[in-house]
> 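Input: one structure, supplied below.
We use all heavy atoms of the structure for the numbers below, so side chains are in, but hydrogens, waters and symmetry mates are not. By convention here, the first residue in the shown sequence is residue 1. Note that the structure is predicted; figures quoted are calculated from it, not measured.
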Amino acid sequence: MTDTITFTLDGETIQAQPGETIWQVAHGRGLIIPHLCHKPAPGYRPDGNCRACMVEVEGERSLVASCIREPAEGMVVHSDSTRAKTARKMVVEMLVTDQPEVAHDASSHLADMAAVNGVSDSRFPKLEKDRVPLLDDSHVAMQVNLDACIQCGLCVRACREVQVNDVIGMAGRGHDAYPTFDMADPMGASSCVACGECVQACPTGALLPATVQGDSADFDEEVASVCPFCGVGCQVSLKVKDGKVKYVEGLNGPANEGRLCVKGRFGFDYIHHPHRLTKPLIRRDDAPAKGLNVDPGDLLTHFREASWDEALDAAAKGLQDISGQGVAGFGSAKCTNEEAYLFQKLIRQGFGHNNVDHCTRLCHASSVFALVENVGSGAVTATFNEIENADVAIVIGCNPLENHPVAATYFKQFTQRGGKLIVMDPRAHGLSRFATHTLQFKPGADVAMLNAIMATIVEEGLYDQQYIDAYTENWEAEKTHLANFKPEDMAEHCGIDADTLRAVARDFAGAKAGMIFWGMGVSQHIHGTDNSRCLISLALMCGQVGRPGTGLHPLRGQNNVQGASDAGLIPMFLPDYQDVTDPEVRSHFADMWGDAIAAEKGLTVTEILDAVHAGRIKGMYILGENPAMSDPDVDHARAALAKLDHLVVQDIFLTETANYADVVLPAAAFYEKAGTVTNTNRQVQIARAAVPAPGEAREDWRITTDLANRLGLQWDYTHPSQVFAEMKLGMPSLNNITWDRLEAEGAVTYPCPAPDHPGEAVVFGDGFPRPEGRAKFTPAAIIAPDEAVDDDFPMVMTTGRQLEHWHTGSMTRRASVLDAVEPEANCSLHPRTLRKLGLSPGQDIRLISRRGEITIMARADRAIAEGMVFVPFAFVEAAANILTNPALDPFGKIPEFKFAAVRVEPA
């Protein structure tokens, strides 16, 4: 262990660790040394430019900045000497002089530091500043007030070093220096992605949310919770005033370390939108035919308001009249672990079958199948934060800058430290500019490309034979299989030259520690399971699992898709991925629940809707899911919803799916309830209610409990902590994780070996949860996409998300900032493709597939390969899934969202 450093601080002998600064040591002991340019948060280096944290060191003529000065053995430091206090007060007094008469942020950090230093006014004259216009209100989310800037540089460090966006720099000199965006652009016209890191870092109010000025920055209460959007699981501080969330800041959670993206910081106000459901609704007897025809302003012509008792009675009776195999359930990855657990329990216990599923079927089902098959667990083997310990990382089939922006900050920082980033995707998205290699391969050619890389590793003897012998099986079959995939043979098939394939193979196999991250560009194919098998084999043959900086990580798309899957919201698994066909597993849950569990695997999302068309399923209970937008070939899905005899929908808005409901139950939004969620890192986190639900809306767990009791089940839950306690009885993954511990600590990673352990960031260091502790190689052959391009449909369409919108848009399109930034349905094509078709950016076009057509605005984007079109799926007026192919992966039963043959015509 490295020797500690002993020094004296304000008369007390204390010890410091090497690398710690005087300020850190003092702060850790509860001593407050004022500071302004220093931000004591992960990712921020000390700068020492404001001199507001000066202390006196005996034997040195000058005062020193405590935020950058490290103590030395025997050093004597005084933070409370007259000289140090007078100097700090002088610095703050001079800075206060130039502040505006009316503060933009009355509760700013500068105001706090002025109070700590006893500064209420200034003796010094105000200096005129020769600057560009002081106010920049060109951005919809943020406002720049240069009259409050103190040139601390925190906004530059926030943008350049923490978020690694490099939009903000300093212009001017000396007293006239000021932050500027790109090439002196207005903030709203710059390349700013509105992460708001600069706003959170600014100590004066020079940068603020556009809606927060002066006293409006005050709040009545601060509530810690978790972001309700993607699977990163950022911890947030919700600032509440007058019963509403006023603004949001990032907390130092294990996944985000204070960082947020535009959705997490500015996308919160959907919960206060006037479209919120506030009373239970029952479809009117004289209502028009079911369909996407209910405008929220015209709601009561289709539905009538009802009491909770009437609505729950109607919901239960309709489902009971059908009963048994005729009823199926879609749960939600947007709800809490407890709510997911109760939902699958209700379907299994109340209707005696396993026909319950959720959106993992449409995102990472193939990844989970391959992981369970080959490493014995469907969760990630390492947190994405482990990239700090890697020297090479592959990012394939995902666009973290838009889909997982906070995780992407760690990837970008990784490259800034010299790490090699290998980006593989049919789109050359924004992360490519940080990459050592960018492989823009042909759509659907993942297996050919990955097998060629692995074939190089075998051919050149770059694999880790010691690891393979100790921890794997079926290696010889894999080696034999790969002999047919030489890079020179696969180059034309995948569109990547052999030299690049070999260079990538050498870089990854030669890494001391390498990680692989992937997204739905890998999983959403009919060969998605084979894609994942290849990635698993690539990691195994190089020994890149089970050590710091190594691992396999499918980035989860929704805030609780990991937790909902863990909780059993899957038709073939009970909680913790325990096989529903295993008699011992069923017996355990039957003892817990008091009812026998069906032995047959249930139907998946798409199979359930097929069964509706076949007349086998006549009733559904849908919690927080929107299959009228999210399913492939949504015309088929919508027709199924319209065909149901009884549909109960529980949601926060009248979604496209709720349009088809017979009973609509108004639910509480995420920031209006308590519970736990599990992010992509396997980190179980506590979420807390910050504001009350509007009107008569209720928490989902409470609604499901009330409905269960009307179905004849005897449930007596009165708080989600009771549900969590029950979950622990059937879920070994929750060992040593308790509700009280989560309340105190905020997050614990599973598996967790002890009550005081933070949990294992990296797993499988000593073997795998498979027979004999060995992971398995599963060879994967090339399988063509389900449909091919031809003269009638000559282009390939792929789908995905945009930075500002999430999932089906029901939340983000009702968030004022997000909708203002990205208000219109759009698709992206390469400029040369547009010119070839005689089209112009901004023009409306028609996209036509073998299943339907949409009209949508075209954008020019050089990241899109020629002959391709990218369509976001958040816009109901141009729903991408009208066009997508419902063909399924035979293993994961996931649809082929990422490849559809289309043609493009002028609208």
Side-chain angles (χ1 to χ4, degrees), residues 366-383 386 389-394 396 422 446-447 449-486 504-518 522-523 527-554 577 579 682 751 760-781 891-892:
S366 52
S367 304
V368 171
F369 184 96
L371 286 165
V372 170
E373 172 192 47
N374 294 291
V375 302
S377 168
V380 302
T381 72
T383 67
E386 276 298 312
N389 297 313
D391 52 332
V392 177
I394 290 173
I396 177 171
I422 301 167
D446 312 59
V447 169
M449 177 183 67
L450 294 170
N451 276 348
I453 290 169
M454 290 190 287
T456 299
I457 292 171
V458 171
E459 177 188 335
E460 299 185 8
L462 304 175
Y463 49 87
D464 187 337
Q465 188 66 58
Q466 184 177 16
Y467 182 89
I468 291 168
D469 291 343
Y471 294 114
T472 72
E473 64 182 24
N474 208 35
W475 169 238
E476 291 304 319
E478 180 75 17
K479 281 178 64 176
T480 301
H481 173 76
L482 292 173
N484 301 313
F485 292 91
K486 291 184 180 299
V504 168
R506 292 164 188 152
D507 280 349
F508 187 76
K512 293 180 180 178
M515 297 190 73
I516 301 176
F517 301 92
W518 71 94
V522 165
S523 61
H527 50 82
T529 300
D530 283 329
N531 291 345
S532 299
R533 286 166 171 162
C534 288
L535 296 173
I536 294 166
S537 293
L538 175 59
L540 292 176
M541 69 169 56
C542 298
Q544 301 291 16
V545 179
R547 295 178 288 111
T550 71
L552 295 156
H553 193 120
Y577 309 94
D579 192 338
R682 295 182 271 104
E760 301 285 358
V762 179
V763 293
F764 309 146
D766 56 358
F768 297 86
R770 293 189 73 254
E772 299 183 6
R774 293 180 177 273
K776 179 184 177 184
F777 287 98
T778 299
F891 305 100

> Taking His553 for the side chain and Ala382 for the main chain, is one N or O donor matched with an acceptor at less than 3.5 Å?
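The answer is yes, because a donor-acceptor pair under 3.5 Å joins these two groups.
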> Any sub-3.5 Å donor-acceptor pair from Gln544's side-chain atoms to Ala511's backbone N or O?
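Flag set: sc Gln544 to bb Ala511 pair under 3.5 Å.
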> For the residue pair Phe768 and Val545, establish whether any side-chain heavy-atom pair is separated by less than 4.5 Å.
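A side-chain contact exists here, since the closest heavy-atom pair is under 4.5 Å.
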> For Met541 and Leu482, work out which heavy atoms get closest and say how close.
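Of all heavy-atom pairs spanning Met541 and Leu482, the closest is CE-CD1, 3.8 Å.
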> Keeping Ser366 on the side-chain end and Gly892 on the backbone end, is there a donor-acceptor pair under 3.5 Å?
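Not at all, since once roles are kept as given, no pair shorter than 3.5 Å links the two residues.
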> Before you tell me yes or no, could you show the steps for Tyr471 and Val375 under side chain to side chain contact (heavy atoms under 4.5 Å, CB included), namely the whole-Å CA-CA distance, both residues' side-chain angles and the distance that decides it to 0.1 Å?
CA-CA 10 Å; Tyr471 294 114; Val375 302; over 6 Å; no
> Got a donor-acceptor contact below 3.5 angstrom from the Ser537 side chain to the Phe777 backbone?
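No, because the side chain of Ser537 does not come within donor-acceptor range (under 3.5 Å) of the backbone of Phe777.
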> Supply the atom-to-atom distance Tyr463 OH to Glu478 CD, rounded to the nearest 0.5 angstrom.
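Answer rounded to 0.5 Å: 12.5 Å.
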> Once the angle between the rings of Phe369 and Phe891 is folded into 0 to 90°, is it parallel (under 30°), tilted (30 to 60°) or perpendicular (over 60°)?
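Because their plane-to-plane angle lies in the 30° to 60° range, the rings of Phe369 and Phe891 count as tilted.
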> If every non-hydrogen atom of Gly378 is compared with every non-hydrogen atom of Leu371, which pair is closest and at what distance?
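Reported closest heavy-atom pair: O-CD1, 3.6 Å.
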> Can you tell me how far OG1 of Thr472 sits from CG of Leu540, rounded to the nearest 0.5 angstrom?
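Answer rounded to 0.5 Å: 6.5 Å.
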> Determine yes or no for a side-chain-to-main-chain donor-acceptor pair under 3.5 angstrom, with Asp391 supplying the side chain and Ala513 the backbone.
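Yes; at least one donor-acceptor contact below 3.5 Å.
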> Determine the minimum heavy-atom distance between Pro769 and Phe764, stating which atoms define it.
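The pair with the smallest heavy-atom distance is CD-CE2, 3.2 Å.
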> Starting at CD1 of Ile516, measure out to CZ of Phe508 and round the result to the nearest 0.5 Å.
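So the CD1 of Ile516 and the CZ of Phe508 are separated by 4.0 Å.
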> Against Glu473, only a single residue in Arg770, Arg774, Lys776 fulfils side chain to side chain donor-acceptor pair (under 3.5 Å); can you say which?
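Of Arg770, Arg774, Lys776, side chain to side chain donor-acceptor pair (under 3.5 Å) with Glu473 is met by Arg770 alone.
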> Does a side-chain heavy-atom distance below 4.5 Å link Ser532 with Val522?
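A side-chain contact exists here, since the closest heavy-atom pair is under 4.5 Å.
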> Taking all non-hydrogen atoms of both residues into account, name the closest pair between Val447 and Ala781 and its distance.
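Scanning both residues completely, I find the closest heavy atoms to be CG1-O, 3.6 Å.
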> Got a second to check how far His481's NE2 is from Asn451's CG, nearest 0.5 Å?
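Answer rounded to 0.5 Å: 4.5 Å.
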> How far does CD of Glu386 sit from OG1 of Thr550, to the nearest 0.5 angstrom?
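Atom-to-atom, Glu386:CD and Thr550:OG1 are 8.0 Å apart.
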> Calculate, to the nearest 0.5 Å, the distance between atoms CD1 and CZ belonging to Ile396 and Phe517 respectively.
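Rounded to the nearest 0.5 Å, the CD1-CZ separation comes to 13.5 Å.
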> Check whether any side-chain heavy atom of Leu450 lies under 4.5 Å from a side-chain heavy atom of Leu535, and answer yes or no.
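They are in contact (side-chain heavy atoms under 4.5 Å apart), so the answer is yes.
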> Quick check: do Pro554 and Val380 have side-chain heavy atoms less than 4.5 Å from each other?
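Side chain of Pro554 against side chain of Val380, heavy atoms only: contact under 4.5 Å found.
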> Side chains of Val762 and Arg547, heavy atoms from C-beta outward: is any pair under 4.5 Å?
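Sidechains of Arg547 and Val762: no contact.
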> Can we say Arg533 and Glu373 salt-bridge, meaning some charged N sits less than 4.0 Å from an Asp/Glu carboxylate O?
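Looking at Glu373 together with Arg533, the answer is yes, because their closest N to O distance falls below 4.0 Å.
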> If I compare all heavy atoms of Pro751 with all of Val763, which pair ends up nearest, and what's the gap?
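Looking at all heavy atoms of both residues, the closest pair is CD-CG1, 3.6 Å.
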> Report yes if some heavy atom in the side chain of Cys542 is under 4.5 Å from a heavy atom in the side chain of Ile457; otherwise report no.
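With C-beta onward as the side chain, the pair touches.
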